[in-house]
Amino acid sequence: MKALAPEWARAFFTKEVSSMAESEKERYEDSDLYRIRHSAAHVMAQAVLEKFPQGKYTIGPPIEEGFYYDFELPRALTPEDLEAIEKRMRAILKEKHRFVKQVISADDARHIFKDQPYKLELIDGLAAGGFDEYGNPLDEKPEISIYTHGDFVDLCRGPHVENTAQINPEAVKLMNVAGAYWRGDEHKQMLQRIYGTAWKTPAELEDYLWRLEEAKRRDHRRLGRELDLFSVSEDVGPGLILWHPKGGMVRKIVEDFCRAEHEKGGYEFVYSPHIGKANLWEISGHLGWYKENMYAPIEIEGQQYFLKPMNCPFHIEIYKSHIRSYRDLPMRFAEWGTVYRFERSGVLHGLLRVRGFTQDDAHLFCRPDQMAEEIDRVLQFSLNLLRAFGFKDFQAYLSTRNAEKFAGSAELWEAPTEALRQALIRAEVPYQIDEGEATFYGPKIDIKMRDALGREWQLTTIQFDFNLPERFDLTYIGEDGQPHRPYMIHRALLGSMERFMGVLIEHYAGAFPVWLAPVQAVLIPIADRHLEYIREVAAKLKAAGLRVEIDERSERMNAKIRDAQNQKIPYMLVVGDQEVSQGQVALRLRSGENPGALSVEAFLDKARQDIQQAV
RNA sequence: GCCGACGUAGCUCAAUCGGCAGAGCAACCGCCUUGUAAGUGGUAGGUUACGGGUUCGAUUCCCGUCGUCGGCUCCA
């Protein structure tokens, strides 16, 4: 779970967050829960090492909704082991051990942890002053401290509870075991990570477990099947999505809406093929730095072609098809471009991480003097789009220049980076600065959204590119009659249609607002004799642009209502003798509300209003 | 890719110690003509993911492949 990684948790709670964030909120690191979880992690390590005295322990931080601890153990842990460890933890907690902190010298620490290679590595890092316990660089040299409770000692900066009795043994639960590389480096030792959760009271634990169950119910993979939105076929291949008619309808509505917005926003639409010659990717540099993510070449008449992992080279070729004047700029080429990227099998995840996806991609070419406004505009545009789909909580990230790996010169990076920052401030979105996290070719803004389980997924990305204009030798003729290098910005706002749909499905838990619902209304006859009237009504509603189905099955009305509810159809229109005689429909909403009979016109008015207000 | 778990009907899940593979829902065919979350009877549905091994006999034990799930790493 990426969102629960310590790097993330630390970054989120400690790094710079704009003044728009609620600064009043207690920092997680200062909270009781943080201490409880941190201490529970120590107790867990104690229980694990009792069971495996030859085991090595590494780090065990609190995370967003619990804690984990990584171990190197002689064998793989089983579910039974977890139960035993959990049981032992409860016993230890009841023994009321005090947590005692001692600040010690590096040499003393090395002595205490002489049989613990991972701890020794951490101590070296701390002593050198270069890195903290997670391997992140530090500004100043930290003190080295240990925490002892009972006969267990751990290298740790705290904080902890005073006493294990402050942790309710019934509010602690071990969740699962997972593999994790030492310091997150796949070239290093694979460790066993035990995830646990801890709360103040058993009721809070229950609540958390209930929330997890709820999250599973809104998992887009489950809803995708239940609502018949999409599937993945083993025969087609993993990470390749098949959109069913209902999912296809939602996607079409999303795309149509976005296309219309793009048109209003000054974009021009272009189309480009799925493959391009090796030479194109040589020029773009993808074969140099992106090859691991590209599929093997296709040979055509002795030439190698590659399936596109990105659309940019094609858009650049369109730019280059003419000599461009400063008067032509800015140019904004948009394309719903389908790209294919090789993703390692273990990382695929429903719609959120796939191998083939369609980006709402565009490339902006502009003069330096237009740059700030273009950035402002595109960020604003992106936020408006996301808001239109009901998203309100964004987490924005500004990635700045990596000191070691960057295209162009440091000076070149300054203005765009500042323009990105200013745009974020003007847009009044909370953002965090990821210092040195930019790709080599330019600074960027990413906007991420959370899925039902709290994992963050990047949707919007707005990336400056100092690299491709050089590599393709892009120019425009300036007022001075001389060629100049344009600025280039890559941007995908919804990101990819697949990922966006995944997040969208979970956001609404499958109950799409009326304007997005694949089926907006289902007509339910009480008896077959009402069908003729129902067909007339259906025709009227369809003529008015509504997406309507008739449930003609030989089932009772109750069963049809139940099925419509489960399909999360916004309107159920029940028709019996009364409605036929009155020229009405009886409206039931998926909320369970029952507004009752109304005329077809009155219903249409309501539907139009709901669509307008995006409910 | 790596660590671990898992893979039985379209879906959710059973199957004792290795002994003829089963249920509910869905589907299909009837009956019922229904008033706000499951009316009722029947039929069909399987080389237990795939391939190999052990065994008189494998859904069950072993090996491999593929896939899924939870993490790690990476990203739209």
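What you see below is based on every heavy atom in this structure, not just the backbone, and it leaves out hydrogens, waters and symmetry mates.
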For the pair [X] and [Y], find out whether any cationic side-chain nitrogen is under 4.0 Å from an anionic carboxylate oxygen.
{"X": "A:Arg251", "Y": "A:Glu498", "value": "yes"}
{"X": "A:Asp446", "Y": "A:Lys448", "value": "no"}
{"X": "A:Arg183", "Y": "A:Asp185", "value": "no"}
{"X": "A:Asp577", "Y": "A:Arg529", "value": "yes"}
{"X": "A:Lys56", "Y": "A:Glu121", "value": "no"}

Which residues, if any, of [range] bring a heavy atom under 4.0 Å of RNA chain B?
{"range": "residues 287-294 of chain A", "answer": "none"}
{"range": "residues 226-241 of chain A", "answer": "A:Glu234, A:Pro238"}
{"range": "residues 578-599 of chain A", "answer": "A:Gln578, A:Glu579, A:Ala586, A:Arg588, A:Asn594"}

Problem set entry | Aromatic ring pairing A:Trp182/A:Tyr118, orientation class (parallel under 30°, perpendicular over 60°, tilted between) |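 Geometry flag for A:Tyr118 against A:Trp182: perpendicular rings.
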For this session: Return the orientation label for the A:His220 and A:Phe230 ring planes: parallel under 30°, perpendicular over 60°, tilted otherwise.
Result: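 Ring orientation of A:His220 relative to A:Phe230: parallel.
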Exercise. Is a side-chain donor or acceptor of A:His315 paired with a backbone partner of A:Ala334 at a separation under 3.5 angstrom?
Worked result: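 No, the answer is negative, given that no donor and acceptor are paired below the 3.5 Å cut-off.
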Problem set entry | Whether A:His507 side chain and A:Gly390 backbone form a donor-acceptor pair below 3.5 Å |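 Looks like yes, one N/O pair under 3.5 Å.
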Less than 4.0 angstrom between a side-chain N/O of [X] and OP1 or OP2 of [N], yes or no?
{"X": "A:Gln458", "N": "B:C74", "result": "no"}
{"X": "A:Arg355", "N": "B:A76", "result": "no"}
{"X": "A:His349", "N": "B:U68", "result": "no"}
{"X": "A:Tyr195", "N": "B:C72", "result": "yes"}
{"X": "A:Ser345", "N": "B:G1", "result": "yes"}

Would you tabulate the nitrogen or oxygen pairs shorter than 3.5 Å linking the protein to nucleotides 32-34 of chain B?
from: B:C32; atom 1: N4; to: A:Ser554; atom 2: OG; distance (Å): 2.5
from: B:U33; atom 1: O2'; to: A:Arg529; atom 2: NH1; distance (Å): 3.4
from: B:U33; atom 1: O2; to: A:Asp528; atom 2: N; distance (Å): 3.1
from: B:U33; atom 1: N3; to: A:Asp528; atom 2: OD2; distance (Å): 2.9
from: B:U33; atom 1: O4; to: A:Asp528; atom 2: OD2; distance (Å): 3.0
from: B:U34; atom 1: OP2; to: A:Arg529; atom 2: NH2; distance (Å): 3.1

Closest approach to the side chain of [X], judged atom by atom: which nucleotide of [options] is it?
{"X": "A:Ala559", "options": "B:C3, B:A37, B:G39", "answer": "B:G39"}
{"X": "A:Asn566", "options": "B:G70, B:A76, B:A37", "answer": "B:A37"}
{"X": "A:Arg562", "options": "B:U36, B:A37, B:A76", "answer": "B:A37"}
{"X": "A:Met190", "options": "B:C3, B:G70, B:A76", "answer": "B:C3"}

If I pick the [atom1] atom on [M] and the same atom on [N], what distance separates them, to the nearest angstrom?
{"N": "B:C25", "M": "B:U43", "atom1": "P", "result": "14 Å"}
{"N": "B:C74", "M": "B:U12", "atom1": "P", "result": "33 Å"}
{"N": "B:A37", "M": "B:A76", "atom1": "P", "result": "47 Å"}
{"N": "B:A49", "M": "B:A58", "atom1": "C1'", "result": "16 Å"}
{"N": "B:G19", "M": "B:C61", "atom1": "C1'", "result": "15 Å"}
{"N": "B:G35", "M": "B:G30", "atom1": "C1'", "result": "25 Å"}
{"N": "B:C56", "M": "B:U47", "atom1": "P", "result": "27 Å"}
{"N": "B:U40", "M": "B:G24", "atom1": "C1'", "result": "16 Å"}

List the residues meeting side chain to side chain contact (heavy atoms under 4.5 Å, CB included) with [X], not counting sequence neighbours, and say none if there are none.
{"X": "A:Ala40", "result": "A:Phe67, A:Ala198"}
{"X": "A:Gln54", "result": "A:Phe52, A:Pro74"}
{"X": "A:Val378", "result": "A:Tyr267, A:Leu364, A:Ile462, A:Arg491, A:Leu493"}

For this session: Could you say whether A:Leu191 or A:Asp446 is positioned toward the 5' end of RNA chain B, judged by the nucleotide with the nearest heavy atom to each?
Result: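 Upstream on the strand: A:Leu191.
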Problem set entry | Axial cation check for A:Phe512 ring with A:Lys568, 6.0 Å and 45° limits |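 Verdict for A:Phe512: no cation-pi partner in A:Lys568.
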Sugar-phosphate only, base, or nothing, as touched by [X] at under 4.0 Å among non-hydrogen atoms:
{"X": "A:Gln359", "result": "sugar-phosphate"}
{"X": "A:Ala492", "result": "nothing"}
{"X": "A:Leu459", "result": "sugar-phosphate"}
{"X": "A:Val354", "result": "base"}
{"X": "A:Gly495", "result": "sugar-phosphate"}

Exercise. If pairs are Watson-Crick or G-U with both distances under 3.5 Å, what is the dot-bracket string of RNA chain B, marking crossing pairs with [ ] and pairs to another strand with |?
Worked result: (((((((..((((.....[..)))).(((((.......))))).....(((((..]....))))))))))))....
Problem set entry | ring pair (Phe, Tyr, Trp, His ring centres under 6.0 Å): pairs with one or both residues in residues 565-595 of chain A, sequence neighbours excluded |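 Sorted pair list: A:Tyr571-A:Phe603.
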Do you know the tightest heavy-atom contact between [X] and [Y]?
{"X": "A:Phe357", "Y": "A:Gln359", "answer": "CE1-CG, 3.7 Å"}
{"X": "A:Leu541", "Y": "A:Leu523", "answer": "CD1-CD1, 4.5 Å"}
{"X": "A:Leu242", "Y": "A:Ser233", "answer": "CD1-CB, 3.8 Å"}
{"X": "A:Val232", "Y": "A:Gly239", "answer": "CG1-N, 4.2 Å"}
{"X": "A:Asp70", "Y": "A:Ala180", "answer": "OD2-CB, 4.1 Å"}

For this session: Quick one: list whatever passes side-chain hydrogen bond (donor to acceptor under 3.5 Å, both in side chains) with A:Glu214, sequence neighbours left out.
Result: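 Partners of A:Glu214 under the side-chain hydrogen bond (donor to acceptor under 3.5 Å, both in side chains) test: A:Arg217.
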For this session: Tell me, please, which residues at least two apart from A:Phe466 pass ring-ring contact (aromatic ring centres under 6.0 Å, His included).
Result: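 A:Trp413, A:Phe464.
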Between N or O atoms, less than 3.5 Å apart, protein on one side and nucleotides 10-12 of chain B on the other: list the pairs.
from: B:U12; atom 1: OP1; to: A:Arg225; atom 2: NH2; distance (Å): 3.2

Problem set entry | Centroid distance under 5.5 Å and plane angle under 30°, A:Trp457 vs B:A76 |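 Taking the rule of under 5.5 Å and under 30°, the ring of A:Trp457 does not stack on B:A76.
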